[in-house]
Amino acid sequence: MSHTPQSARIAPPEIVASIAAVVDYNWDAEQADHQEQSPQDRPGHVFNALTVIRGWLDAVDDLTQLHETANTDADRHR
C-alpha cells in the first residue's frame with residue numbers, strides 16, 4: 001500500500017497508542033532477527049516496517065506536542 005503526504009492522517013490517540021504498543025512489543029525481537037539475516041534478505045524484513053512506523057509515531061508525537069504548545073500559547077494571549 002502506498003501513501004502520499006496528502007493522504008497521511010493522524011489517527012485517534014487510542015489507535016496511535018495501540019500501534020505504539022505493537023511496535024514496542026515486537027521491536028527487540030525483530031531487530032535482533034533482522035541483524036541475523038544476510039544483507040540480501042533484509043529488505044523485505046518486517047523490522048523495516050516497524051522502523052517506518054516508529055518514525056511515523058515520532059512525527060505524530062512531535063505534531064501533538066507542537067499543537068499542545070500552540071494551544072497553550074494561544075490560551076495565554078486571550
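Values below: every heavy atom of this structure, side chains too, minus hydrogens, waters and symmetry copies. Throughout, residue positions are numbered sequentially from 1 according to the sequence presented.
- Taking the side chain as every heavy atom from C-beta outward, Trp27 and Ile53 never approach each other to under 4.5 Å.
- Of the inter-residue distances, the one linking Leu50 atom CG with His45 atom NE2 reads 9.0 Å to the nearest 0.5 angstrom.
- Under the 4.5 Å side-chain heavy-atom criterion for grouping Ile, Leu, Val, Met, Phe, Trp and Tyr, Ile15 is connected to Leu57 within one hydrophobic cluster.
- Annotation for Phe47 and Gln31: closest pair CE1-CB, 3.4 Å, computed over non-hydrogen atoms.
- Closest non-hydrogen pair, Val46 versus Glu30, comes out as CG1-OE1, 3.2 Å.
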